[in-house]
Amino acid sequence: MPLNKLIQDGDNQDLTNERFKSTFDTDALAAVFHSGEDSLKRIREVRDEITKRGHLFDSLPAAHRTRAEKMEDVSRKLKNLMENVNEFADFTNNLDMLTIIRDVMGVEGFPLALHNLMFVPTIQNQADDEQTEWWLMDAIQGKIIGTYAQTELGHGTNLSAIETTATYDKSTEEFIIHTPTTTATKWWPGGLGTSCTHVILVANLIIDNKNYGLHPFFVPIRDRNSYSQMSGVRVGDIGTKMGVNCVDNGFLAFDNYHIPRRNMLMKHSKVSKEGVYTAPSHPKVGYTTMLYMRSEMIMHQSYYLAMAMVIAIRYSAVRRQGEIKPGTQEVQILDYQTQQYRLFPGLARCFAFVTAANTVRQMTESCIQELSHGKSDVLADLHALSCGLKAVVTHQSSTSIDQARQGCGGHGYSDASYLPTLYTCSVGACTYEGENMVMLLQLSKYLMKAAAKAEEGAVMAPLVAYLAKSEPVAIGDKFEKLLSHFEHIARHRVMHAYRQMIEEEKQGIERDYAFANHSVDWTKAARAHTKLFIARGFVKMVQEVSNPEVHAVLTTLAELYLSYELIEMSSDLTANGYLSESQVQEIRHQIYDCMKKIRPNAVSIVDSFDFCDRELRSVLGRRDGHVYENLYKWAQMSPLNQKNLPHVEKYLKPMTSKL
Ligand SMILES: Cc1cc2nc3c(=O)[nH]c(=O)nc-3n(C[C@H](O)[C@H](O)[C@H](O)COP(=O)(O)OP(=O)(O)OC[C@H]3O[C@@H](n4cnc5c(N)ncnc54)[C@H](O)[C@@H]3O)c2cc1C
């Protein structure tokens with residue numbers, strides 16, 4: 001029995017030859033990637049059930065459809081799913097849901113995307129018991145569809161400038177929701193355009209002319225039966241975007257619209273009938289939805305990247321182009337060192353990011369548990385970490401996906417590859433849920449406080465304890481040495497940004513301005529700190545793998561990951577003589593050595609991501625490798641291949657027929 005479990009008769013011969021080279025069991029690596037054998041088994045069970053249900057499949061490749069047709073098709077699948085899902089999956093189970101969404105919906109989104117990611121979790125985390133009873137089951141069963149409406153036309157990042165108000169009226173025991181200016185119009189929330197019946201509205205709570213700041217409100221905006229908008233509500237779609245066009249991002253404004261007092265989510269803050277306000281136990285307790293969303297985003301990004309890697313690496317094994325020595329056989333493009341340098345760091349990042357996503361998900365779950373018992377000790381640490389991870393993972397995965405796209409040449413630019421869709425969806429995450437640069441600056445503020453503590457010799461939180469360590473001598477095994485370089489860079493960048501800022505303060509510049517004057521350096525420090533966290537997590541994960549063949553392949557991927565990320569920051573390694581040029585050169589050569597070792601296993605590694613063709617939606621990434629004949633078939637489906645097209649009939653024919 002071959003170690004690669006995807007080998008089938010009739011496949012492209014180059015791909016089959018690659019699969020026979022595997023040195024490890026692809027199912028064993030798949031279990032590591034998908035967080036254990038049980039999860040992998042469950043993913044496969046759900047997928048097999050979907051395979052039996054043709055009414056859940058795409059009816060035509062999305063690229064050949066208009067936006068309205070795509071929305072119709074995705075809503076058709078959604079309705080079919082909601083009617084039958086209980087037969088084969090648990091809608092409240094995250095793993096089942098992610099598997100179904102990837103397979104049935106694809107990455108361009110669907111009308112309930114924000115409902116699942118933000119609306120339901122906000123009810124779970126911020127509604128009190130009675131409110132949960134009223135709303136949660138209806139939301140889970142799709143009887144109401146919701147989104148999270150925070151961003152306004154005028155402000156997204158700066159939440160303190162959000163203008164929408166919810167003013168309490170004691171006489172009627174209602175909140176009056178109002179949009180005071182054009183810039184206060186809610187703008188961007190996913191699903192708002194045409195799909196939602198309700199929103200979690202983020203608005204300023206006003207009682208007796210006093211503003212208590214932003215709070216979440218459960219607000220009906222469309223009638224559930226007729227879908228007509230409620231009187232006092234203006235709502236619609238904001239138009240097409242770079243990607244995720246199956247999500248109808250929308251706008252929303254209110255004209256003195258009334259909702260009952262108990263529609264404010266009251267698990268943490270409360271307003272009594274008499275208008276008495278009770279503050280939450282911790283001012284940032286409302287951050288939990290954001291934390292949850294970010295941990296999910298990191299996982300989604302890891303999967304987008306993994307899908308891009310499957311597509312690009314399988315195609316690179318099938319595609320032959322050029323000769324290394326003129327007159328010899330054309331080579332598989334995967335054999336070019338430049339192609340490997342383009343793809344393999346992204347391949348290694350898949351494992352690094354999925355490990356980080358698992359860690360931060362577990363930390364978020366335990367933080368939410370602690371908060372429900374009134375403890376908020378880890379919230380600040382976790383919030384800072386999630387900011388850094390969100391920024392680094394979304395940026396690096398979209399960069400690697402674009403490298404995968406470019407690595408597939410012309411066919412990578414075609415929608416048939418699915419790589420443009422993966423890229424535009426992935427890169428959107430650099431902006432939503434907190435713009436990346438702003439995220440890095442938030443982490444920087446946390447690092448600034450940690451740096452001050454390190455200077456004072458105070459007790460440090462575990463994630464920043466390295467800042468107080470003296471410069472280590474790089475000893476130990478290969479991993480320890482490489483990790484000590486990460487620590488060195490992060491410590492150097494953080495303390496450098498901090499000391500520059502302190503110097504300015506000494507010259508009479510206020511702290512806020514001194515911080516702003518060095519914000520580029522601070523963001524570099526925040527990136528290095530985050531990369532250290534990811535690198536440590538990846539190494540720890542690899543060390544815990546017991547299967548020797550899988551351990552060996554992951555060790556090479558981790559070595560590649562660490563060396564590549566260090567070389568990306570190589571000027572920090574040679575600064576102040578920390579490492580010599582030849583030591584840096586050694587790390588660079590380690591990348592090339594790892595690439596050579598990964599090459600024979602590359603196809604089997606991506607096979608271990610265990611995506612089926614339906615999920616990949618890519619002609620280039622097909623399991624069987626029959627790329628060319630299927631590119632031809634895909635092109636035949638283009639609506640432009642119909643006869644009597646208006647642009648030809650109305651404009652081109654009259655022009656050419658005159659000649
Ligand atoms: C695809 C997509 C889906 C979205 N979905 C939703 C949703 O469902 N619900 C919702 O409420 N919102 C949603 N949004 C909105 C999104 O959350 C905001 O766009 C995002 O938070 C960025 O805010 P902004 O647009 O105000 O950007 P801005 O803050 O205006 O950013 C513009 C530039 O200014 C810089 N900048 C801003 N502030 C600072 C600062 N303090 N220091 C230094 N530089 C700064 C940024 O780095 C950036 O370079 C979505 C956006 C997108 C693109």
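Both counts, for ligands and for their atoms, begin at 1 and track the order of listing. All residue numbers refer to positions in the sequence shown, counting from 1. Because the structure is a prediction, the values reported are computed rather than measured.
- Within the structure, ligand 1 has E433 among the residues with a heavy atom less than 4.0 angstrom away.
- Of the protein's heavy atoms, none falls inside 4.0 Å of atom 30 (O) of ligand 1.
- Here the heavy atom of the protein found nearest to atom 7 (C) of ligand 1 is P189 CA, 3.3 Å.
- In this structure, the side chain to side chain donor-acceptor pair (under 3.5 Å) partners of S195, at least two apart in sequence or on a different chain, are D248.
- Within a 4.0 Å radius of atom 4 (C) of ligand 1, the protein has at least one heavy atom.
- Under the salt bridge (charged side-chain N to carboxylate O under 4.0 Å, His left out) rule, K506 has a single partner from E504, E510, E503, which is E503.
- Looking from atom 25 (O) of ligand 1 to the surrounding protein, the closest heavy atom is G156 CA, 4.8 Å.
- Within ligand 1, counting atoms from 1 as listed, the ones closer than 4.0 Å to a heavy atom of L441 are 42 (N), 43 (C).
- Ring pair F609/F611 is tilted by interplanar angle, where 30° to 60° counts as tilted.
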Using distance only, find each side-chain donor-acceptor pair of residues 198-206 under 3.5 Å and give its atom names and separation, not counting sequence neighbours.
{"residue": "N204", "atom": "OD1", "partner": "N211", "partner atom": "ND2", "Å": "3.4"}
{"residue": "N204", "atom": "ND2", "partner": "I162", "partner atom": "O", "Å": "2.7"}
{"residue": "N204", "atom": "ND2", "partner": "T164", "partner atom": "O", "Å": "3.2"}

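- Taking only nitrogen or oxygen atoms, main chain and side chain alike, E435 reaches within less than 3.5 Å of ligand 1.
- Atom CD of E568 has more than 12 neighbouring heavy atoms from other residues, nucleotides or ligands inside a 6.0 Å radius.
- A donor and an acceptor atom, one from each side chain of D73 and S59, are located under 3.5 Å apart.
- Atoms of ligand 1 lying under 4.0 Å from any heavy atom of M437, numbered from 1 in the order shown and given with element: 47 (O).
- Nearest to atom 14 (N) of ligand 1 by heavy atom, out of W188, F119, Y148, W187, is W188.
- Distance remark: protein heavy atom present below 4.0 angstrom from atom 10 (C) of ligand 1.
- The protein does not reach atom 41 (N) of ligand 1 closely, with no heavy atom under 4.0 angstrom from it.
- Heavy-atom proximity to L114, at under 4.0 Å, picks out these atoms of ligand 1: 8 (O).
- Judged by the 6.0 Å distance and 45° axis criteria, K445 is positioned over the aromatic ring of F515.
- The single protein non-hydrogen atom nearest to atom 27 (O) of ligand 1 is T157 OG1, 3.9 Å, given as residue, atom name and distance.
- Under the 4.0 angstrom criterion for non-hydrogen atoms, G190 is in contact with ligand 1.
- Interface of N249 with ligand 1, defined as ligand atoms under 4.0 Å from a residue heavy atom, comprises 3 (C), 4 (C), 5 (N).
- Close contacts of ligand 1 with Q150, meaning ligand atoms under 4.0 Å from a residue heavy atom, involve 11 (O).
- Screening T179, T183, T182 against E163 for a side-chain hydrogen bond (donor to acceptor under 3.5 Å, both in side chains) leaves a single residue, T183.
- In this structure, atom 34 (O) of ligand 1 has no protein heavy-atom contact shorter than 4.0 Å.
- Atom OH of Y227 sits in a crowded spot, with more than 12 heavy atoms from other residues, nucleotides or ligands closer than 6.0 Å.
- For atom 16 (C) of ligand 1, the nearest non-hydrogen atom from the set V438, T151, L153 comes from T151.
- Every N/O-N/O distance between Y432 and ligand 1 stays at or above 3.5 Å.
- Counting heavy-atom neighbours within 6.0 Å of K143 NZ, excluding the residue itself, gives a total of 12 or less.
- Ranking the protein heavy atoms by distance from atom 19 (O) of ligand 1 puts T431 CG2, 3.9 Å first.
- In this pair, Y277 and H215 present their aromatic rings perpendicular. The plane angle is above 60°, beyond the 30 to 60° band.
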Decide side-chain contact (heavy atoms from CB on, under 4.5 Å) for W187 and N249; before the verdict, give the C-alpha distance in whole Å, the side-chain angles of both, and the deciding distance to 0.1 Å.
CA-CA 8 Å; W187 203 268; N249 296 81; over 6 Å; no

